[in-house]
Asker: 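My questions all concern the structure below.
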Amino acid sequence: MKKIAVFTSGGDAPGMNACIRSVVRSALYLKMEVYGIKYGYNGMIEGDIYKMKSYSVSNMVQRGGTILKSARSKDFMTKEGRKRAYDQLMQRGIEGIIAVGGDGTFTGANIFYDEYGIPTVGCPGTIDNDLYGSDYTIGFDTAVNTALDAIDKIRDTAASHDRVFFVEVMGRHSGYIAIQCGIGGGAELVMVPETSTTIDDVINTLKEGRDRQKTSSIIVVAEGDEQGNAHEIAGRVMKNLGDLDIRVSTLGHIQRGGSPTAFDRILASRLGLAAVEGLVNGQKNVMVGIIDNKVHYTNFKLAISKSKPLDQELIKLVQILSL
Ligand code: F6P
């Protein structure tokens with residue numbers, strides 16, 4: 001394999017740049033040509049593709065976002081869109097692809113491989129950490145640290161005013177960010193889509209805390225929780241506990257930005273090299289991940305269809321430590 005291309009797609013994640021850098025430099029080290037595709041699948045369809053050199057990725061291991069830009073492409077979901085993308089790649093003689101993104105990205109990659117058979121290796125890049133086949137995804141650790149920093153600050157004001165704060169963190173279908181922030185931030189309760197927590201559970205937790213002379217509380221809510229978003233949950237709790245001073249803070253997209261942590265830079269660098277090596281060694285339709293600190297390749301179909309369950313021990317830990 002002599003020519004490969006790399007792109008980022010879906011929600012950006014801190015560490016994507018470190019991954020692109022690793023892909024580019026690993027490919028050059030192995031005497032391959034490497035092309036960057038901008039704006040994810042949209043750029044593949046439009047031919048927004050350029051040859052990358054070693055200097056193309058200088059001074060970026062520490063930068064958040066993605067220099068290749070990102071997008072969620074509607075056109076790639078159509079047969080015509082994918083045909084145009086294939087033609088663009090063929091015109092340039094590209095023989096292998098490295099896709100950095102999450103489940104949406106790999107769903108597209110899997111369909112594209114089934115239709116056109118271009119070997120593709122995915123690097124898990126999403127703050128959600130919801131991909132089967134890797135213990136951690138690029139950007140998750142940074143997002144947790146960013147959210148934790150915000151929760152620490154919220155705790156200061158919550159304690160000063162004797163308030164209850166509902167803090168909403170990202171995670172459409174997954175409570176990984178919420179649970180880690182809950183433990184690291186000393187939350188009284190964590191609400192995640194993977195386990196059911198009723199409004200009565202929330203009310204009881206707050207009442208019991210009050211009985212134990214707790215003057216302030218933090219409840220971390222994953223945006224995908226089955227009870228709704230943090231505003232909706234807080235509203236229903238307020239109806240029952242009108243005497244409590246309740247506030248809501250939605251952390252939102254700040255969790256997606258910023259300089260990646262050391263953990264994410266190293267993870268992204270390892271995955272970038274492993275993706276290039278995977279292509280060289282004949283991997284075709286897989287996501288590369290790290291499991292128990294070792295590189296593993298998992299078929300895209302499995303990576304996107306199998307769920308990565310939240311460790312129930314972590315949920316129990318929040319309950320025990322919030323006493
Ligand atoms: O998948 C990453 C993520 O940040 C989710 O946690 C969140 O639900 C979603 O992307 C937000 O997407 P967008 O940036 O398109 O609003």
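Quick caveat, the model's predicted, so the values are computed rather than measured. Atoms within a ligand are numbered from 1 in the order they appear, just like the ligands themselves.
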Asker: Sequence neighbours left out, what pairs pass side-chain hydrogen bond (donor to acceptor under 3.5 Å, both in side chains) with at least one residue falling in residues 304-317?
Answerer: Asn129-Lys308
Asker: Scan residues 240-258 for pairs that pass salt bridge (Lys or Arg N to Asp or Glu O under 4.0 Å), counting only residues two or more places apart or in two chains.
Answerer: Asp12-Arg256, Arg163-Asp245, Arg210-Asp243, Asp245-Arg247
Asker: Out of curiosity, Met52 CE to Leu28 CG, how far, rounded to the nearest 0.5 Å?
Answerer: 9.5 Å
Asker: Can you list every pair that meets side-chain hydrogen bond (donor to acceptor under 3.5 Å, both in side chains) and has a residue in residues 187-209, with sequence neighbours left out?
Answerer: Glu188-Lys214, Thr198-Asp201
Asker: So how far is it from Phe140 CZ to Ile127 CD1, rounded to the nearest 0.5 Å?
Answerer: 9.5 Å
Asker: Run through all N or O atoms in ligand 1 and write down each protein N or O closer than 3.5 Å, as a pair with its distance.
Answerer:
unit_1   : atom_1 : unit_2 : atom_2 : d
ligand 1 : 1 (O)  : Asp128 : OD2    : 3.0
ligand 1 : 1 (O)  : Arg172 : NH2    : 3.3
ligand 1 : 4 (O)  : Arg256 : NH1    : 2.8
ligand 1 : 6 (O)  : Asp128 : OD1    : 2.7
ligand 1 : 6 (O)  : Asp128 : OD2    : 3.4
ligand 1 : 6 (O)  : Gly171 : N      : 3.2
ligand 1 : 6 (O)  : Glu223 : OE2    : 3.3
ligand 1 : 8 (O)  : Arg172 : NE     : 3.4
ligand 1 : 8 (O)  : Glu223 : OE2    : 2.5
ligand 1 : 10 (O) : Arg72  : NH2    : 3.2
ligand 1 : 10 (O) : Arg256 : NH1    : 3.1
ligand 1 : 12 (O) : Arg72  : NH2    : 2.9
ligand 1 : 14 (O) : His253 : NE2    : 2.9
ligand 1 : 14 (O) : Arg256 : NH1    : 2.9
ligand 1 : 14 (O) : Arg256 : NH2    : 2.9
ligand 1 : 15 (O) : Arg72  : NE     : 3.2
ligand 1 : 15 (O) : Arg72  : NH2    : 3.2
ligand 1 : 16 (O) : His253 : NE2    : 3.4

Asker: Answer yes or no: is there an ion pair linking Lys2 with Glu95, defined by an N-O contact shorter than 4.0 Å?
Answerer: no
